[in-house]
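This is a predicted model, so every value here is computed, not measured.
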Amino acid sequence: DKTGIAGADVLFEGKALGIKKEPLENARYLWNLGDFSYKEGKNIRHIYKYPGNYIVFLNVSSGDISASDRVNIKVIPNELQIIDVKEEFIKLKNKSGVILDVSGWFLKAGGLIFKVPDGSLIGANSELIISSDVSGLKFSDNKFSAEILYPNDTVAFSYFPSPVLSSSSKSKETVLSKPPEKN
């Protein structure tokens with residue numbers, strides 16, 4: 001069984017062996033992805049748009065030989081967020097109750113992009129600080145935003161800094177020329 005994130009690519013890998021445990025040559029791999037879509041190929045990627053539980057069915061055939069298997073996939077909402085950005089780091093928080101594989105995802109900030117290396121996992125309900133020495137993403141002031149991108153280059157999360165009010169800034173007041181009428 002697998003866990004995926006709504007909006008992110010999920011990788012499915014098929015493997016078929018013959019009667020003598022030899023790899024099947026010219027095998028055809030047909031995937032029913034559980035959301036009424038299907039694809040063909042030994043290894044495929046699929047994006048589930050909505051959270052839910054899906055049953056993925058694989059049928060492999062080569063000549064007179066065929067076999068099938070299935071896997072359950074639980075697709076959860078994206079709960080990976082950027083919670084802080086400083087000149088020297090970006091802090092992520094996985095608010096989900098499962099370990100997230102973020103291999104191939106991207107961090108984007110200040111016109112720069114950092115690709116998360118393969119085999120990168122973030123623990124369930126945990127935070128991860130990524131040094132700017134590792135990512136190459138650096139900030140020199142408090143006016144920055146950052147994004148997490150899925151491997152398919154769509155935005156998973158956008159971070160905007162909260163505005164900082166200086167001591168010299170005055171709050172604006174609305175002055176009414178006459179009191180509002182009661183209904």
Side-chain angles (χ1 to χ4, degrees), residues 1-83 90-109 112-130 134-137 146-159:
D1 292 349
K2 294 182 80 148
T3 300
I5 298 173
D9 295 58
V10 178
L11 175 64
F12 294 99
E13 300 173 295
K15 182 178 180 182
L17 303 174
I19 296 170
K20 298 177 185 174
K21 305 291 183 204
E22 76 282 4
L24 287 180
E25 297 295 325
N26 301 317
R28 185 173 185 197
Y29 294 78
L30 295 174
W31 298 86
N32 179 326
L33 296 155
D35 61 354
F36 294 156
S37 63
Y38 65 93
K39 291 186 179 178
E40 184 173 348
K42 184 175 180 178
N43 301 321
I44 62 156
R45 291 186 177 275
H46 184 64
I47 298 171
Y48 291 93
K49 292 187 177 187
Y50 305 104
N53 294 307
Y54 300 92
I55 300 171
V56 177
F57 186 82
L58 171 63
N59 187 39
V60 180
S61 61
S62 178
D64 293 342
I65 299 171
S66 68
S68 60
D69 200 0
R70 68 178 186 221
V71 64
N72 297 317
I73 179 162
K74 181 179 182 179
V75 178
I76 61 173
N78 176 36
E79 295 191 70
L80 180 63
Q81 300 177 354
I82 298 170
I83 59 170
I90 291 179
K91 186 187 285 187
L92 304 178
K93 171 83 176 176
N94 174 8
K95 293 185 173 188
S96 76
V98 298
I99 296 171
L100 295 181
D101 182 351
V102 292
S103 301
W105 291 37
F106 300 95
L107 296 175
K108 181 179 178 182
L112 300 173
I113 297 176
F114 170 72
K115 183 178 182 186
V116 177
D118 289 343
S120 295
L121 305 173
I122 300 178
N125 300 308
S126 66
E127 295 178 0
L128 176 67
I129 297 175
I130 302 157
V134 172
S135 70
L137 304 174
E147 293 178 320
I148 302 171
L149 305 175
Y150 294 125
N152 60 24
D153 206 30
T154 58
V155 176
F157 183 82
S158 294
Y159 173 87

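- Pairs engaging residues 18-43 under the ring pair (Phe, Tyr, Trp, His ring centres under 6.0 Å) rule: F12-W31 [sequence neighbours left out].
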Under 3.5 Å, which donor-acceptor pairs link side chains of residues 18-27 to any protein atom two or more places apart or in another chain?
from: E22; atom 1: OE1; to: K20; atom 2: N; distance (Å): 3.0

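- Interatomic distance, CG of L112 versus OG of S135, reported as 9.0 Å (0.5 Å rounding).
- Annotation: side chain of F114 is in contact with side chain of V134 (closest heavy-atom distance under 4.5 Å).
- Residue pairs meeting the salt bridge (charged side-chain N to carboxylate O under 4.0 Å, His left out) criterion with at least one partner in residues 63-72, sequence neighbours excluded, are absent.
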If you look only at distance, which donor and acceptor atoms sit under 3.5 Å apart when one is on a side chain in residues 101-108 and the other is two or more places apart or in another chain?
from: D101; atom 1: OD1; to: S103; atom 2: N; distance (Å): 3.0
from: D101; atom 1: OD1; to: S103; atom 2: OG; distance (Å): 2.6
from: S103; atom 1: OG; to: G119; atom 2: N; distance (Å): 2.8
from: S103; atom 1: OG; to: S120; atom 2: N; distance (Å): 3.3

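- Taking every heavy atom of both residues into account, E127 and I83 meet most closely at OE2-CD1, 3.5 Å.
- Residues K39 and I44 come closest through the heavy atom pair CB-CD1, 3.9 Å.
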Apply the test side-chain contact (heavy atoms from CB on, under 4.5 Å) to residues V116 and I130: give CA-CA distance (whole Å), side-chain angles for both, the deciding distance (0.1 Å), then the verdict. CA-CA 10 Å; V116 177; I130 302 157; over 6 Å; no

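- Other residues, nucleotides and ligands contribute only 12 or fewer heavy atoms inside 6.0 Å of the CD1 atom of I99.
- Other residues, nucleotides and ligands place no more than 12 heavy atoms under 6.0 Å from the CD1 atom of I55.
- Taking all atoms of both residues into account, the shortest heavy-atom contact from T154 to N152 is OG1-OD1, 2.6 Å.
- Heavy atoms of other residues, nucleotides or ligands lying less than 6.0 angstrom from NZ of K15 number 12 at most.
- The two residues V75 and I5 make their nearest non-hydrogen contact at CG1-C, 3.9 Å.
- Side-chain contact between L33 and V10 is absent, with no heavy-atom pair separated by less than 4.5 Å.
- When every heavy atom of N125 is checked against every heavy atom of G97, the shortest pair comes out as ND2-CA, 3.7 Å.
- The minimum heavy-atom distance linking N94 with I122 is given by the pair ND2-O, 3.3 Å.
- Within the model, atoms CG of L100 and OG of S126 stand 8.5 Å from one another, a figure rounded to the nearest 0.5 Å.
- Here salt bridge (charged side-chain N to carboxylate O under 4.0 Å, His left out) pairs that include residues 40-56, with residues two or more places apart or in two chains, are R28-E40.
- Counting heavy atoms from C-beta outward, N78 and Y150 have side chains that approach closer than 4.5 Å.
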With side-chain contact (heavy atoms from CB on, under 4.5 Å) as the criterion, how do I82 and F157 come out once you've worked through the C-alpha distance, each side chain's angles and the decisive distance to 0.1 Å? CA-CA 7 Å; I82 298 170; F157 183 82; 3.9 Å; yes

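- Crowding of K74 atom NZ: a count of heavy atoms from other residues, nucleotides or ligands under 6.0 Å not exceeding 12.
- With rounding to the nearest 0.5 Å, the separation of OG in S37 from CG in N32 is 7.5 Å.
- The ring-ring contact (aromatic ring centres under 6.0 Å, His included) check on Y48 picks up H46, Y54, with sequence neighbours excluded.
- Once rounded to the nearest 0.5 Å, the distance linking NZ of K95 with CD1 of I76 reads 14.0 Å.
- Here the straight-line distance linking atom CG of D35 with atom CD1 of I47 works out to 11.0 Å at 0.5 Å rounding.
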